[in-house]
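Reviewing the structure listed below.
Just so it is clear, the model here is predicted, and its values are computed rather than measured. Note that the numbering runs from 1 along the sequence shown for the chain. Keep in mind that the numbers below use all heavy atoms, side chains included, and drop hydrogens, waters and symmetry copies.
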Amino acid sequence: MFKDKLTDDLSDRKPNLGTLFARDLTEKSVAGGGESGSSPNGVAVHRPGEELELIEPNGSLDLGEKGSCGGYDSAERIAAAEKWSDLEHELSQEEINLEKLRRFAFTGLPNGGGIRATAWKLLLDYLPPSQDLWDKELSGNREKYAKLKEELLLTPVSDVECRQSELWREKDEALNDEADVAGQLQRHRIEDHPLNDVKASVWHQYFQKHGEIAEQIDRDVDRTHPDLNFFSGDSSFSRKNRGAMRDILLLFAKVNPAIGYVQGMNEVLAPIFHVFSTTYDEQDLANVEADSFYCFVRLMSDSIDHFCKHMDNSPVGILSTLSRLMELLKANDEELWCHLVYTSKVNPQFYAFRWITLLLTQEFKFQSILRIWDSLLSSPFGIQDMLLRICCAMLVSLRSKLLGGDFAANLKLLQHFPDEIGIEYLLRVSRDIGPDGSALHFDM
C-alpha cells in the first residue's frame, strides 16, 4: 500500500516540496541581529522598540520552475528534499519508529504526497506502528463507521428512541389509571408515532432537535475557514465535501449526546478532513469520511471538556486551562503578565478562549494552521501543553505592542493576531517556554 507508493523517485514529484522545515533548534529564537532581552527564567523576549523577524506565515517552499530557487537558496532546497526523502524512508519501514516520526513532524511535514495524512494518522494513534496491521485496522474501522452511519443517520430512529417512545406511552397510561382511581378527569391518550406532530410526542421532539442540529452544522460548514475553497461553491466536489463534513459532525453529536454538536467543531474537523483528502492513495481517498471521523474523535477526546459549559469551572474545564495559560505567561514574562492582568485588564476569556477551544484554527492562514498542528500532534508533552506554549509565545511575540497598549488596543490586537508574525518564529519561541522557563526538547 503506502510502502510501494513511497518508492517513487523524488524527481517524479511535483515541484512543490511542501513545508520548509524549521531551522536548527539551536538557532537563536529571537529576531533581529542585535541582542534581545530575556526573562528571569531565560526565555527570549522582546523589549519595546525591537523589531521582529518576518518569516513567511505558511513556511512553505515552492521550487517553481526547474533551476529556480523559488526565493530560497539551494542549501535550503536540498535540506527540504533530504528531509522529504528521510520521511518517506521512515514511513516505508515495516515498523514505524514513532519517536523519530515525532521529531520529523515537530519541525514540519511536507504538504504533498500524502505524507502528512499518514503521519497524522500515526500521531493520533489511528494507525498502529506496524504496517502489517494497517489494512486490518483500516478496514475494521471503516466498516464500523459505515454501520454507525447506517444505524444513526440513514435509519431515522434508533432502538433507543423507540424505547423512549414506549416508556412515554407507559407513563401516560399509568397517569390515566391514577386519574380513574382518584376520580379526576381522564386525559386523552396520545397515540405516539413517527408522523405525530404533537409537541409532547417523543418522535416530534426527536425530529425537531435532529433538524435544528443539522441546520446549525450546515451553516457552520458553509462558513468554515475562509482560506478553504474545499467547501465553497456549488460544484459536485464541494457539495460532496460539505455533505461528508456534515455527516461526521452529526454522527459525532449522536454518538455523544451529552456533548452534542458545539459551534466551532467544524473548524477543528476541517484540517483533518482537508489533509486526508490530499492523499494519492485511492483507498484512502474513498474513505476520507470514515478516517476523518475517527481521528476527529481522538483529537476531541483531548479537549472535549472545553466544549462542555457545565465543565467550565471544573479542574479540566476551559477556565482552568485559561488560568494555566496565565500562569505560564507569569513564569516566563512576569512584566507582560502583570500589564495584561492588572493594567490593561484584558481577560484571557476575551481572546484565548477561541485560541484554545478551536486549536488556533481561526487565528492564522490555513497552511499555517497545518504547520502548527504538525507540532501540536507530535509534541512529547501532549497537544494541550504544546497549545498553551504556542499561545504564550503569541503573547510574548507581541510584547512591545501589548505593554504600550490599553484595554481597547490590546483586545483588538489579540482578537486579530497580526499576519506579519511568522509561524516558524512563534514555534521557536514556544520551544523556549515552559512552566518554570524550561525549554521543550526531544531526547535524541
Side-chain angles (χ1 to χ4, degrees), residues 1-29 53-123 127 129 131 275 278-281 284 367-380 386 422-431 439-444:
M1 198 177 79
F2 190 74
K3 187 192 300 184
D4 297 330
K5 183 168 78 250
L6 291 175
T7 59
D8 294 341
D9 190 271
L10 280 174
S11 62
D12 294 330
R13 292 288 178 187
K14 294 183 178 181
N16 187 353
L17 283 183
T19 303
L20 175 62
F21 296 93
R23 298 167 190 155
D24 191 282
L25 292 182
T26 60
E27 179 181 355
K28 63 180 181 178
S29 62
E53 179 183 7
L54 301 185
I55 302 174
E56 288 299 319
N58 63 3
S60 63
L61 175 62
D62 190 353
L63 294 181
E65 298 298 326
K66 186 176 181 180
S68 167
C69 293
Y72 297 91
D73 60 32
S74 297
E76 288 176 316
R77 294 173 65 238
I78 293 171
E82 287 177 349
K83 206 139 195 178
W84 180 304
S85 179
D86 290 343
L87 261 170
E88 287 187 319
H89 175 73
E90 182 57 43
L91 291 175
S92 68
Q93 301 301 302
E94 291 184 3
E95 191 76 20
I96 308 298
N97 185 326
L98 291 180
E99 183 62 25
K100 188 180 293 186
L101 176 61
R102 288 190 184 97
R103 288 200 296 270
F104 277 125
F106 195 74
T107 55
L109 292 166
N111 289 325
I115 289 181
R116 179 176 273 132
T118 302
W120 282 16
K121 289 173 185 177
L122 285 159
L123 294 171
L127 286 177
Q131 282 214 48
V275 167
T278 58
T279 182
Y280 295 151
D281 186 273
D284 288 346
Q367 285 300 318
S368 298
I369 294 167
L370 301 185
R371 171 63 190 92
I372 290 171
W373 278 34
D374 289 341
S375 292
L376 284 180
L377 299 182
S378 59
S379 170
M386 188 62 197
I423 295 305
E424 295 302 334
Y425 165 75
L426 281 177
L427 293 175
R428 288 204 306 273
V429 174
S430 71
R431 294 177 194 125
L440 174 65
H441 67 280
F442 281 90
D443 293 327
M444 302 301 289

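The CZ atom of R102 lies 10.5 Å from the CG atom of L377; values are rounded to the nearest 0.5 Å. The CD1 atom of I423 sits 4.0 Å away from the CD1 atom of I372 when rounded to the nearest 0.5 Å. I78 CD1 to K83 NZ: the interatomic distance, rounded to the nearest 0.5 Å, is 15.0 Å. To the nearest 0.5 angstrom, L87 atom CG is 11.0 Å from H89 atom NE2. Within the model, atoms CG of L101 and CD of Q93 stand 12.0 Å from one another, a figure rounded to the nearest 0.5 Å. To the nearest 0.5 Å, the span separating CG on L127 from CH2 on W120 amounts to 14.5 Å.
Side-chain atoms of T278 come within 3.5 Å of backbone N or O of V275 as a donor-acceptor pair. Using modelled atom types, no side-chain atom of S85 and backbone atom of E82 make a donor-acceptor pair closer than 3.5 Å. E90 places a side-chain N or O within donor-acceptor distance of the main-chain N or O of N97, the cut-off being under 3.5 Å. Here the side chain of Q131 pairs a donor or acceptor atom with the backbone of L91 at under 3.5 angstrom. The main-chain N or O of F106 is found under 3.5 Å from a side-chain atom of S378 such that the two form a donor-acceptor pair.
Defined by atom type and a distance below 3.5 Å, a donor-acceptor pair is missing between the side-chain atoms of T107 and R103.
Within the 4.5 Å cutoff, side-chain heavy atoms of K121 are placed close to those of D284. No side-chain heavy atom of W373 sits less than 4.5 Å from a side-chain heavy atom of L123. Side-chain contact between D374 and L370: absent, with no pair of heavy atoms (C-beta onward) separated by less than 4.5 Å.
In plain terms, the two heavy atoms of L427 and S375 that are nearest each other are CD1-OG, 3.9 Å. Residues A105 and R371 share a closest heavy-atom pair of O-NH1, 4.2 Å.
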